[in-house]
Amino acid sequence: MNSVHRKHNEAMLPFCSSLRPKLWPIIAGIFSALALLLLALTQYQRQQLIEQQTMAISENAKVTQQLLGKLFFDQLAHLENTTRLLATQDYLQQFASLKAGHERNLMQRQIESMWIRQTEGWEKFLQVRFIDLSGNEVIRINYDPKADRSSVAERLQFKGTRPYFLNAAMLGNSEVGLSIFDLEQEHNDYVKPYLIAARFVTPVVNANGVRSGYLVVNLNIAELLSEFRHHQSMTGLELDILSTSGHYIYTAQPELSFGHILPERAHWSLAQMNPELWHAITTKAHSGHFSGTDLHAAFSPLTILPDANTKVDQHEFILLTRFDDAVVMQAIQSSLDQINNKSLIALFVLFGLSVWIATWVQKAWTQKNAKRLMLHAANGMAAAIMTDANRQIIAINQMFTALLGYKADEVLGKKPVMFRSGLQSADSISAMKNQLMSAGHWRGELTYRAKSGQILTTMQEITAIYWNSRSKTPDYYIASFVDISAQKKLEQQLRVQSVTDSLTGAFNRRRFDDEFERLLQNSLRYPNSTFTLALVDLDHFKQINDSYGHDTGDSVLIEFVSLVSQVLRNTDFMGRIGGEEFGILLPFTDAEGAHIVMERIRETIENNMTSPAVTCSIGLVQHADQLCVKDIYQAADTALYLAKTTGRNKTIVHQMMTAVQQSQCR
């Protein structure tokens, strides 16, 4: 290497510092990546907090349900004992034993007075009644919770047809019947607005042990469920009581209640209003948790399990607590604020960390570029040249000499245009220069002519080097390139193989169809540019394979393609579209002209392929307007079929109809 060459190669190293990347884009990239990671972590923490809080609310709701259910059941048990006590009082038994008269009337007033005091003091009973064996009310006290007063009913009623009375007849003398979560009725009509009802019924037995009637106590359900309302007001969570059919019994929206009793409300069931939640309840045996889209719930069974002397018309109910995402978010708002504050602090820390990392990356990147450029200038694996601002060559490396054959003293001071093959378009050269000026870097393929005259395809990378950041134009250019001629040749071979039939060398079906579609589109754009499709099939080819073997059959196909190619014009296009079937496209040729060409082919095959003897049948069709590839294929196939069924070794022309309604593609 001469002194000038060495001098310029050694001068490359100081220029490498000008390839130092800008700091701010690196900072932005690193900070963005770290911020996204922080965002993902924050989102994960938020989601975990939400899920934990949702589960905590659900668990608390279930515990509350169990406590409220037990409290409710305990109150029922207490009221049941009170009912038994009332039914076994001596004065009621004496009253039941007396016949109509002054003494009975006097005792009735005493009982009424006593029951008034008791109901006003207890506030748990809405009604206390004595009903005779025929179903007529004999004594009835009504308690008004709003006025906190009790009074004797002005009008007694017949209750002999009510279910609770009919069931009372089946009770033993010491048994109590409980009818719960029913609707209040007066005079056989539901009280409006609808009132939830529950009642105890127990026989009244006189001193002689004879049943003389029934004591019926209607419970003040609203008072019994006061703890439920208190729970809702304290927690803001809705607590519902549902029947096992999914209908509401007790809910914050009374108009949805008692769909299992009132036909007009039958559709207000959880099974219809929220099938997903209802499915969870039924599959989890009425106990568990549910989380859906902005709806969460906890549910548990409310079971009425009385003692052996108590009969209940319905044992099983469902307690359901519902809450939405807003409840969860409100509960964890302070924790979310802490997470957000920590994330904000972390962002500032990450920014400082990003600056530190970016500075280190910039330094490492600059060193890498310096090393790369130095290798370009030295004897590396790639050929390299360096030019000044006027694009005059000031340095090359040994790989360049090995690749193109030029020595340093033959190229120094000259321009790289001396190596160009002339095959590169002016537009591509202009685009390369524009990108170098705007981006300072270009990478792509260029063809060079070596000193020997050989054309080489190279992958080239050109970098503009600035003496310092204040320079407006490049001070130097470094170009490195590798020979990819063998690779390009292989790519061309693979490209050819992908569109040709490996046996015969004719185009394959895919390439043939592409050309067919191109001709069809061309004919749509230029109506006068007609073309003809011919389908050629070797006659009795299967017999050739069976008689002579497949190797001979392959040789026949190869020879056939060779002979046909000699007859076809340069503009014609042949492809193998099946085993022994070939397609030929004849551009700018009508059916009459195509018939002449195809007859020449048929005769050539018949006269030249004699060992074994081979003939072919041909069907052809001229392209017609308004028809598509499928139409033309089928028409040519029809003509080919006619040629084969009428004797073979002939050419048949199909007369294509041009009417739109004949097309099978519409």
Side-chain angles (χ1 to χ4, degrees), residues 1-22 25-26 361-421 424 428-451 456-485:
M1 184 181 295
N2 59 35
S3 59
V4 176
H5 189 183
R6 186 182 301 108
K7 175 182 178 182
H8 287 291
N9 264 339
E10 292 173 352
M12 288 184 183
L13 189 57
F15 303 147
C16 295
S17 61
S18 63
L19 288 181
R20 180 174 56 193
K22 294 182 179 179
I26 303 176
V361 169
Q362 183 191 44
K363 181 179 179 181
W365 200 336
T366 302
Q367 292 175 349
K368 180 180 178 181
N369 285 341
K371 184 178 180 181
R372 177 174 58 83
L373 291 176
M374 184 173 62
L375 289 176
H376 281 331
N379 296 316
M381 296 299 295
I385 61 175
M386 186 173 184
T387 70
D388 59 15
N390 296 321
R391 294 186 174 85
Q392 290 183 333
I393 300 174
I394 61 174
I396 64 173
N397 66 357
Q398 291 181 358
M399 289 298 298
F400 176 87
T401 299
L403 182 62
L404 293 182
Y406 292 99
K407 296 181 179 179
D409 55 358
E410 295 176 311
V411 298
L412 291 178
K414 299 179 181 179
K415 294 188 177 182
V417 68
M418 65 179 293
F419 315 125
R420 291 182 185 164
S421 63
Q424 212 77 24
S428 63
I429 297 297
S430 177
M432 176 187 69
K433 292 180 178 178
N434 291 337
Q435 185 170 347
L436 270 175
M437 292 300 297
S438 60
H441 186 82
W442 178 86
R443 189 174 189 272
E445 293 182 8
L446 282 177
T447 55
Y448 283 140
R449 188 181 301 275
K451 185 178 180 179
L456 302 175
T457 302
T458 66
M459 176 59 67
Q460 182 158 324
E461 186 172 358
I462 304 176
T463 301
I465 300 179
Y466 296 82
W467 181 260
N468 55 57
S469 59
R470 294 187 297 275
S471 299
K472 295 183 178 180
T473 58
D475 298 291
Y476 296 90
Y477 295 93
I478 289 183
S480 63
F481 45 93
V482 293
D483 183 11
I484 59 170
S485 300

* Asked: Do N390 side-chain atoms and Q392 backbone N/O form a donor-acceptor pair below 3.5 Å?
  -> no
* Structure fact -> Residues passing the side-chain hydrogen bond (donor to acceptor under 3.5 Å, both in side chains) test with E410, sequence neighbours excluded, are K451
* Residue list, ring pair (Phe, Tyr, Trp, His ring centres under 6.0 Å) with F400, at least two apart or on another chain -> F419, F481
* **Nearest heavy atoms of P416 and I385, plus distance in Å** => CG-CD1, 4.0 Å
* **Pairwise distance CE(M386) to OG1(T463) - rounded to 0.5 angstrom** => 10.5 Å
* Asked: If every non-hydrogen atom of A395 is compared with every non-hydrogen atom of L412, which pair is closest and at what distance?
  -> N-CD2, 3.7 Å
* **Where L403 and A450 come nearest, the two heavy atoms and their spacing** => O-CB, 4.4 Å
* To do: Would you check if the side chain of T401 reaches a backbone N or O of K407 as a donor-acceptor pair within less than 3.5 Å?
  => no
* Name all residues meeting the side chain to side chain contact (heavy atoms under 4.5 Å, CB included) criterion together with M418; count only those two or more places apart in sequence or in a different chain, and write none if there are none. => Y406, V411, K414
* To do: Check the pair W442 / Q460 against side chain to side chain contact (heavy atoms under 4.5 Å, CB included), numbers first and verdict last.
  => CA-CA 8 Å; W442 178 86; Q460 182 158 324; 4.2 Å; yes
